[in-house]
Student: 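I have a structure here, written as structure tokens, and I will follow up with some questions on it.
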Number of protein chains: 2
Amino acid sequence: MSCIKEEMFSKACKYAINAMIYVATLPEGVQRAGLKEIAQAINSPEAFTAKILQQLVRDELLNSAKGPHGGFEIQGDPNTITIAQIVGSIDGNLIFTGCALGLEKCSEDHPCPVHHKFKAVRDHLTGMMLTTNLKDIATRVNDGISFLKY
Amino acid sequence: MSCIKEEMFSKACKYAINAMIYVATLPEGVQRAGLKEIAQAINSPEAFTAKILQQLVRDELLNSAKGPHGGFEIQGDPNTITIAQIVGSIDGNLIFTGCALGLEKCSEDHPCPVHHKFKAVRDHLTGMMLTTNLKDIATRVNDGISFLKY
DNA sequence: TTAAATAAAGACAAAAATATCTTTAAATAT
DNA sequence: ATATTTAAAGATATTTTTGTCTTTATTTAA
């Protein structure tokens, strides 16, 4: 057994965040981004990306439209959409709330052996994700301060 | 598509941490803990746990002995074994080092859109795991301050 | 030296995540 | 109306992770 390649988020979730950021960077009101365009932009498998976008539409983070000039756009104000919402939509909220050791009966009063140590980190993570919104991220990408690609 | 149940660590990794803690709580020098005992103590599938323990033995976090009164024991000083080492052995170190968005070309100079925000959290997580040792954890379990079970 | 107890190793099975392909539905433009 | 474009939905395939079972190797004790 070599080791598992566990990361912070699932691949689906990473594609979701990337896709949302990509769509958010587009000049608004102009035109929707199609599946093909998105998948190419974020370097993700097209059909799998489609499934993920569907989920984001279901969770009302994206709007979609069929037909010519159809595609996806951010639903609502990018300023109010957080990374936490995107992650919650795809990966669920166990990353925010689940016991690090997977124990059922883990709580403040009945803490698992790493409960308090992880709580601080988790609160940090949660707080950061709740306060990081799409608009800010997209602005920095558009200003060339951070990058979705090379 | 309902959502994925992504957590911080893989199940294998959680079993590993639990197992290491359990073994560390046993009075030292006395006797080794057998597979069956460990799996029962941490409520994990026995055969799968065996594979995980093998990996921990390979990575020199545990010693094992076959035959009657065989079993597993912590290799070396529990004071110097950190959660980071256990996690690294089973889940690898992508959780410490990998880009949150899975981008190949993500670095300080060429940061992905969430790089800096996540860096702080990741450093927090890494620091915590590197400074949390088995001995301290086991002591608190033995003192009834934290719990592996109900 | 043999039987029993144990972990190691390897083959296999099941479940979940990732990925693809095909069909359907809806929108647009001609 | 019809053809075209697009997303949605559903079926299927692949890979990874999780889990089990069987055989082998090693140790202990009788």
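The sequence lines fix the lettering, A, B, ..., with proteins before strands; numbering per chain opens at 1. Because the structure is a prediction, the values reported are computed rather than measured. Only heavy atoms go into these numbers, but all of them, side chains included; no hydrogens, no water, no symmetry mates.
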Student: Classify the nucleic acid contact of B/K36 as base, sugar-phosphate or nothing, counting any heavy atom under 4.0 Å across all strands shown.
Tutor: nothing

Student: Nearest whole Å is fine: how far is C/dT20 C1' from A/Q54 CD?
Tutor: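 Rounded to the whole Å, the gap is 14 Å.
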
Student: Where each residue is assigned the nucleotide of DNA chain C containing its nearest heavy atom, which of B/L35 and B/K5 is assigned the position nearer the 5′ end?
Tutor: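 Counting from the 5' end, the first nearest nucleotide belongs to B/L35.
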
Student: So which nucleotide from C/dT20, D/dT20, C/dT6 ends up closest to the side chain of B/P45?
Tutor: D/dT20

Student: Would you call the rings of B/H110 and A/F147 parallel, tilted or perpendicular, where under 30° means parallel and over 60° means perpendicular?
Tutor: parallel

Student: Looking at A/K51 and D/dG10, is any side-chain donor or acceptor paired with a base atom of the opposite kind under 3.5 Å?
Tutor: yes

Student: Provide the closest heavy-atom pair for B/F96 versus B/T126 in the form atom of the first, atom of the second, distance.
Tutor: CD2-OG1, 3.5 Å

Student: Are the side chain of A/N79 and the backbone of A/L134 linked by a donor-acceptor contact shorter than 3.5 Å?
Tutor: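 No: the side chain of A/N79 does not pair with the backbone of A/L134.
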
Student: Starting the side chain at C-beta, find the nucleotide from D/dT20, C/dA9, D/dT18 nearest to B/K11.
Tutor: D/dT18

Student: Using a cut-off of less than 4.0 Å, is there contact between a side-chain N or O of A/Y15 and OP1 or OP2 of C/dT18?
Tutor: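 No, A/Y15 has no side-chain N/O under 4.0 Å of OP1/OP2 on C/dT18.
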
Student: More 5' along DNA chain D: B/R32 or B/A47, using each one's nearest nucleotide?
Tutor: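 Here B/A47 is the residue nearer the 5' end.
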
Student: Please check if the side chain of B/Q85 supplies one atom and the backbone of B/T82 the other of a donor-acceptor pair under 3.5 Å.
Tutor: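 It does hold such a pair.
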
Student: Please tell me which of the listed nucleotides, D/dA7, C/dA7, C/dG10, lies nearest to the side chain of B/S64?
Tutor: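 Nearest to the side chain of B/S64 among the choices is C/dA7.
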
Student: Classify B/A65 by what it touches in the nucleic acid, base, sugar-phosphate, or nothing, heavy-atom distance under 4.0 Å.
Tutor: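 Sugar-phosphate: the residue B/A65, judged by heavy atoms under 4.0 Å, touches backbone atoms but no base.
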
Student: Find the distance A/E46:CD to D/dA7:P and express it as a whole number of Å.
Tutor: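 Whole-Å distance recorded here is 9 Å.
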
Student: In whole Å, I'd like the distance from the NZ atom of A/K66 to the P atom of C/dT28.
Tutor: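 These atoms are roughly 12 Å apart.
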
Student: Of the candidate nucleotides D/dG19, D/dA7, D/dA29, which contains the atom at the shortest distance from the side chain of B/H69?
Tutor: D/dA29

